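This structure is a prediction, so every number in the text was calculated from the model and none was measured. Start at 1 and go down the list; that is how both ligands and their atoms are numbered.
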Amino acid sequence: MNAVTPALERMRARRVAKILSYEDARKGARRILPRGLFDYVDGGAEDEVTMRRNVQAFQDITFRPRMAVMNPEPKLATTVLGTPISMPVLTAPCGGMRLVHPEGDIGVAKASAKAGTIHVTSSASCFSLEEIAAGSTGGPKWFQLYRFFSGELMENLVIRAQAAGYEALVVTVDTVVAGNREKDYKNGFSYNMRVNAKNAVKMAPQMGIRPEWVYRFVRDGMPFALSNTLSPDGQAMLLTAMTRLATESQSPSWADMAWLRANWKGPLIIKGLLTSEDARRAVDVGAEGIVVSNHGGRQLENAPATIDVLPEIVDAVGGQTEILLDSGVRRGGDVLKALAIGAKAVLIGRNAAFGLAVGGQAGVDRMLSIIRADMVRTMRLMGLENVADLDRSWLTQQSIDRAMAAR
Ligand SMILES: Cc1cc2nc3c(=O)[nH]c(=O)nc-3n(C[C@H](O)[C@H](O)[C@H](O)COP(=O)(O)O)c2cc1C
């Protein structure tokens, strides 16, 4: 430790204590991160229509509360695929988190374990999957899979994840190619934004006014490579390769599922589905779970809001597989809305990422405790004793009709 570090730690604690909501964390992250990095986390594909719709669709749903109920301690605990969790909120796989803060995915995993929930480790991380497993302090851990540039690399990741003790495999299928996030191109940001003369000149104006981030990043050794793709000769894939229109899919395809089902000894979850047809297909290939997700509006522009397609999917396969949802969850009330329609739990992406930017693990701790407190308060105001009691009778008919009409 040097003279600068204790001062930074005090600043971090003060900043974290001031966060009261998602918007506070987002604003805090905007002040700390270089613009290119903030936009990388915050932005969505093309005109960001799907990204905005995710949030709007949650806001359009209203509750049917039951008044005058004594309800001192609402129960939030549940299980997902047999794993008990203290509340129905998991932290989503997000690539590049070590650029956001040096504690990166390990900070998010530790915060999730402390909150009694599951972290899903991204395969596009700048820490290796083994480092995250070792650093994640014993909480339940799932591994998210990309295919990257070959089936061989994908299979190798599966074998490593099993050996490292990950309990479930989350197969992301919505990233055949990377979505068109124009801000990333305009900012010159990509995962392989290497420190070279060209990038240094381009980024200098934003870096100069983000000294704390620069200080931490340089001390962390400026990690850019995707550790999981490191080959024995020391070469790692740089994620700009993902942004190219390659012939090979970056996501596993249905053709890969038979191998994955046969070789993964544990629950298999398919992430990124938006229709009842695909949900049925997931059941047919033996997936124990699915994540209804549009990748936070970062992939297919004009994909529907996830909460709008949830009724269709629950009605099709609700009894046959566990259904999780992400994209647009900002407050505890959103979690309750997804559960009322039939999701078992939700995942949060940017919510945790912005907390991480503001305060490392402590920032993620804060975001998880805010969402928990939101849920407790909302449940008390609704007269709801247990998340297990949620069903569509807790939402107005108008809200459900609207979602059904979105089919
Ligand atoms: C910066 C960032 C990186 C992401 N990287 C991945 C990834 O590597 N793998 C993946 O399956 N999803 C990835 N996602 C998508 C998230 O897992 C999740 O689906 C999405 O963030 C949920 O939307 P929300 O941010 O509105 O909560 C990423 C999302 C963000 C914001």
Side-chain angles (χ1 to χ4, degrees), residues 22-23 25-26 29 33 36-45 48 50-59 89-101 104-105 108 118-127 129 132 142-148 157 169-176 178-179 181 183-184 189-191 226-229 237 239 242-243 250-252 269-274 290-300 303 305-307 324-331 334-335 338 343 345-357 364 367-368 371:
Y22 173 84
E23 235 2 87
R26 180 172 177 268
L33 299 176
L37 198 46
F38 173 78
D39 283 348
Y40 159 68
V41 177
D42 190 56
E48 303 186 333
T50 293
M51 187 177 88
R52 282 193 299 278
R53 190 175 282 151
N54 281 335
V55 174
Q56 187 62 51
F58 270 117
Q59 290 176 345
V89 180
L90 289 67
T91 47
C94 288
M97 287 298 103
R98 194 173 173 183
L99 305 184
V100 167
H101 190 284
D105 322 63
V108 181
I118 297 167
H119 173 57
V120 186
T121 292
S122 167
S123 58
S125 163
C126 304
F127 286 112
L129 65 90
I132 298 170
W142 293 2
F143 182 71
Q144 176 269 323
L145 184 72
Y146 278 137
R147 193 170 187 284
F148 295 116
L157 285 178
L169 188 69
V170 178
V171 181
T172 298
V173 291
D174 60 12
T175 311
V176 169
R181 293 195 293 275
K183 284 181 191 157
D184 287 355
F189 177 85
S190 60
Y191 285 86
L226 294 184
S227 296
N228 286 326
T229 65
M237 180 181 171
L239 255 199
M242 284 189 84
T243 63
Q250 307 289 346
S251 271
I269 299 148
I270 302 183
K271 172 174 183 277
L273 304 181
L274 293 165
I290 61 171
V291 184
V292 179
S293 171
N294 57 34
H295 218 107
R298 298 165 70 82
Q299 285 296 112
L300 174 65
T306 51
I307 195 75
L324 309 181
L325 172 141
D326 74 20
S327 302
V329 175
R330 300 290 177 261
R331 294 197 180 260
D334 298 336
V335 184
V346 304
L347 290 77
I348 51 169
R350 294 183 183 86
N351 215 312
F354 287 140
L356 184 74
V364 187
M367 299 316 287
L368 287 167
I371 224 164

Which one of [options] has a non-hydrogen atom at the shortest distance from [atom]?
{"atom": "atom 22 (C) of ligand 1", "options": "C94, S327, G297", "answer": "S327"}
{"atom": "atom 30 (C) of ligand 1", "options": "R181, Q299, R298", "answer": "R298"}
{"atom": "atom 12 (N) of ligand 1", "options": "M97, R330, K271", "answer": "K271"}
{"atom": "atom 16 (C) of ligand 1", "options": "G44, G349, G296, P93", "answer": "P93"}

**Study point:** salt bridge (Lys or Arg N to Asp or Glu O under 4.0 Å) partners of D42, counting only residues at least two apart
**Key:**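 For D42, the residues satisfying salt bridge (Lys or Arg N to Asp or Glu O under 4.0 Å) (neighbours in sequence not counted) are R26.
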
Check your understanding: With sequence neighbours left out, what residues match R98 under salt bridge (Lys or Arg N to Asp or Glu O under 4.0 Å)?
Key ->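 Residues passing salt bridge (Lys or Arg N to Asp or Glu O under 4.0 Å) with R98: D220.
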
Report, in ascending order of atom number, the atoms of ligand 1 lying under 4.0 Å from any heavy atom of [X].
{"X": "G95", "answer": "3 (C), 4 (C), 5 (N), 6 (C), 7 (C), 8 (O)"}
{"X": "T172", "answer": "10 (C), 11 (O)"}
{"X": "S293", "answer": "19 (O)"}
{"X": "Y40", "answer": "1 (C), 3 (C)"}

Check your understanding: Looking only at heavy atoms, which two atoms of M51 and G44 are closest? And how far apart?
Key ->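 The answer is SD-N, 3.5 Å.
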
Review point. Hey, are Q144 and T172 close enough side-chain-wise for a donor-acceptor pair under 3.5 Å?
Key: yes

Review point. Applying the side chain to side chain contact (heavy atoms under 4.5 Å, CB included) test to L157, which of N228, L169, T229 qualifies?
Key: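 Among N228, L169, T229, the one meeting side chain to side chain contact (heavy atoms under 4.5 Å, CB included) with L157 is N228.
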
Point to revise | ligand 1 contacted by D326 (non-hydrogen, < 4.0 Å) | key: yes

